[in-house]
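Everything quoted here is computed from the prediction, not taken from an experiment. Order of the sequence lines sets the chain letters (A, B, ...), proteins ahead of strands, with each chain counted from 1.
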Amino acid sequence: MQTFHKKGAAKYIENGSMLALFALFAVFLLAPAWFVFKGSFENISVSLGAASGGWTLNNYIRVLSDGYWIYVINSLFVCITATLLACTISLFAAYGLSRFRFPGRMLVFGSIMGGQFFPWIILVNPIFILFARAGLINSQVGLILCYTAFITPFTIYLLVGYLTTIPRSLDEAAIVDGASRFFVVTRIVLPIMWPGMVAAATFGFLQSWSEYLLALALITKDDKKTIPLGLYQYFGDVQVDWGAVMAGSVVATVPTLLLFLPLQRMLVSGLTSGATK
Amino acid sequence: MKLSPLMRDRMTVFAMLFPTFLVLVGFYLYPTLYNLELSFTDITLLKLRQGGDWVGLANYWEFLTSSSSFHIAFNTIFWLTAVSVTIRMILGLGFALLLNSNVLRNMRMTTIARLILLVPWATPPVVAVIAWRWLFEPTNGPLNRWLLNFGLIDDPIAFTADLATVWPSIVTIVVWNTTPLIGVSLLASLQTVPGELYEAGEIDGANRFQMFRFVTLPYLMPTISVLTLMSVIWTFNNFVYVWLTTGAGPGTYTNVLATEVYLKAFVDLRIGYSAAIGVTMAIVMGVFGALYFRFFGLSDMQDKVG
């Protein structure tokens, strides 16, 4: 192609400006995270907010001994339980939706797709009242139920998409051989769709890990708080303990970064698949 | 009695979907209807037990005629949604085009770029807000120190407290956190543009701008539309960015619909009134949801379970 064989200064200028633009993008995308990472290893005076130089682990030690590890444990417990619940529910739902024809099937799948976009800000009031009456305020059970409901639509959607890539003949053969549906799902389909399950679980975990609104409304006791709530404990009315906030932020973000890496391709294809047909 | 195969299948499906049914009804349908009911009452957090009295459309009337509603609606629609979605679409498209260009592809930059995009994408919104609040911090934040050192400003800027900078600051945080999804999705889409389309364009003597305008852009349009619609729905309802950056302040300057729902319910304790705002939001978003289903959802459903 003509344009790609352009010679001389014009090409250098063009390539150079594109690289410069790329560098600019990279700085914009990385700088905020870098400054938090860097700040988490600095001595930052609480009253002045100024760094006094030198590297230190004090922020991490202070934050973790200060009870931040309780938030980490709460978050891990709530999010892992909700994810496991949601994935179990979703596995069977996705199989049922993908392999059977029955009246109301489109309605159920449509509701699930709509659920992905459902604004939880609207559900906060009614759920708060219902939970208050049921004694589920400040309860991890309540939060787990909410998070399960919160992530289920997308995990079902992902798994239904994944199941379309698995040939029906596979499970039908087993049915002909007299296997029960439960056996087919757990022993034949599940092993094959393991990558899809892992993606769904990762996604569910990440969604609940960074959830803030429901936790804010439903949890007020310090020993029940999750990481997102715990982080904002360090924002006082007058001053902010920046060292602690940044160390806590790094602790909160490392798992998401590690989990996100293998997930991103799958998420992208799942999100826009309706548009690219 | 032996069941017919059809009946047995129906029972199996019912059992498999029953938990999902409970979730959909218990956490989506019922709370939504209950919220609708609450919106017609004057229930407050203090009289949860006795419940509220029926007030008809009074909450809606009060919200739609209150002096602050226009300001809140404007903030939500213009700043939080329109501005941030437009900027993120443009930046996302720009980044995707840049990465798909021959220069960067030849330098094998795509993998590095994916890793770079991953950082803001994987950062939970609560942490994204913290990162930027630190950058924006007036006395010691990196951005102010940098601007002061280079002599670009004489006094530090209180980015999230100054009325002139607070909305651009919030928009920056939203854009930073959400652009990677757009960038990665559009890049994936760009990589599937059939080469013949460009060859045909070349035979017709199209220049590079025309190639973009008449080949690339039309090809990307479905993906751009679906991403825009999803972004609008997610951002319009978003609570955390505004709440954690400014707490709807200074004063109520950056108040949006989502923070107003929370403030009315949990600070003013007026659950009924707050519910009415929520229902109003749901109606507005219903329009966008319907557009999504009309143009993308239905064909997607056909592909998945049709």
Side-chain angles (χ1 to χ4, degrees), chain A residues 1 3-4 15 18 21-22 25-26 29-30 32-33 35-36 39 49-50 89 92-93 95-98 100 102 109 111 113 115 117-119 121-123 125-127 129 132 149 152 160-161 164 181 210 212-213 228 231 242 245 249 252-253 256-257 260-261 264 268 272-277, chain B residues 9-10 12-13 16-17 19-20 23-24 27-28 31 34-35 48 95 98 101-104 116 118-120 122-127 130-132 134-135 139-140 142 184-185 188 202 208 222-223 226 233 237 239-240 258 261 265 271 274-275 278 282 285 289 296-297 299-301 303-305:
Chain A
M1 275 185 268
T3 43
F4 304 141
N15 289 1
M18 282 177 111
L21 211 57
F22 177 68
F25 261 118
L29 295 172
L30 292 178
F35 279 113
V36 168
I89 295 174
F92 287 100
Y95 184 84
L97 281 167
S98 160
F100 292 96
F102 55 92
F109 193 60
S111 316
M113 286 179 63
F117 299 110
F118 207 90
I121 180 75
I122 293 164
L123 298 182
N125 291 338
I127 285 181
I129 296 183
T152 300
V160 168
T164 56
R181 285 286 176 179
S210 47
Y212 178 80
L213 174 62
L231 271 179
W242 279 111
V245 168
S249 297
T253 312
T256 68
L257 270 173
F260 229 94
L261 197 53
Q264 53 165 322
V268 166
T272 55
S273 59
T276 47
K277 283 283 137 44
Chain B
D9 274 2
R10 288 276 150 88
T12 314
V13 170
M16 283 180 164
L17 284 171
T20 304
V23 165
L24 288 176
F27 282 88
Y28 291 86
Y34 186 45
N35 193 52
L48 267 192
F95 197 66
L98 196 60
S101 69
N102 291 290
V103 187
L104 289 163
I116 292 172
L118 192 74
V119 171
T123 304
V126 283
V127 175
I130 286 173
W132 281 93
W134 170 240
L135 272 180
T139 42
N140 295 287
V184 174
S185 305
E202 209 163 293
R208 247 198 297 184
T223 312
V226 75
I233 297 175
N237 295 310
F239 169 78
V240 282
V261 168
I271 295 258
S274 164
M285 276 306 98
F296 310 104
S299 69
D300 193 18
M301 274 163 76
D303 289 340
K304 296 255 156 67
V305 297

Top of [options] for chain B proximity - count of heavy-atom pairs under 4.5 angstrom:
{"options": "A:I129, A:I127, A:L30, A:V160", "answer": "A:I129"}
{"options": "A:S249, A:S111, A:G96, A:G39", "answer": "A:S249"}
{"options": "A:L213, A:I121, A:L21", "answer": "A:I121"}

For this session: Go through B:I233, B:V23, B:I130, B:I271 and name the one with the most non-hydrogen pairs under 4.5 angstrom from chain A.
Result: B:I130
Exercise. Looking at B:T12, B:N35, B:L24, B:L17, which has the largest count of heavy-atom pairs under 4.5 Å with chain A?
Worked result: B:N35
Identify which part of [X] has an atom lying under 4.5 Å from any heavy atom of chain A, answering side chain, backbone, both or neither.
{"X": "B:I116", "result": "both"}
{"X": "B:T123", "result": "both"}
{"X": "B:V119", "result": "both"}
{"X": "B:M285", "result": "neither"}
{"X": "B:L118", "result": "both"}

Please report the shortest heavy-atom distance between [X] and [Y], naming the atom on each side.
{"X": "A:F109", "Y": "B:M301", "value": "CD2-CG, 3.3 Å"}
{"X": "A:N125", "Y": "B:A265", "value": "OD1-CB, 3.1 Å"}
{"X": "B:A122", "Y": "A:T253", "value": "O-CG2, 4.5 Å"}
{"X": "A:S210", "Y": "B:P124", "value": "CB-CB, 3.3 Å"}
{"X": "B:W134", "Y": "A:F35", "value": "NE1-O, 4.0 Å"}
{"X": "B:G278", "Y": "A:I122", "value": "O-CD1, 3.3 Å"}

For this session: State, yes or no, whether a side-chain contact exists between A:L29 and B:F95 at a heavy-atom distance under 4.5 Å.
Result: yes
Exercise. Taking the six-membered ring for Trp, are B:Y28 and A:F118 parallel (under 30°), tilted (30 to 60°) or perpendicular (over 60°)?
Worked result: perpendicular
For this session: Give, as side chain, backbone, both or neither, the part of A:T164 having an atom under 4.5 angstrom from any heavy atom of chain B.
Result: side chain
Roughly how far, to the nearest 0.5 Å, is [atom2] of [Y] from [atom1] of [X]?
{"X": "A:F102", "Y": "B:R10", "atom1": "CZ", "atom2": "CZ", "value": "8.5 Å"}
{"X": "B:K304", "Y": "A:L97", "atom1": "NZ", "atom2": "CG", "value": "12.0 Å"}
{"X": "A:M113", "Y": "B:D300", "atom1": "CE", "atom2": "CG", "value": "4.5 Å"}
{"X": "A:L123", "Y": "B:F27", "atom1": "CG", "atom2": "CZ", "value": "10.0 Å"}
{"X": "B:L98", "Y": "A:F22", "atom1": "CG", "atom2": "CZ", "value": "7.0 Å"}
{"X": "B:N237", "Y": "A:F117", "atom1": "CG", "atom2": "CZ", "value": "11.5 Å"}

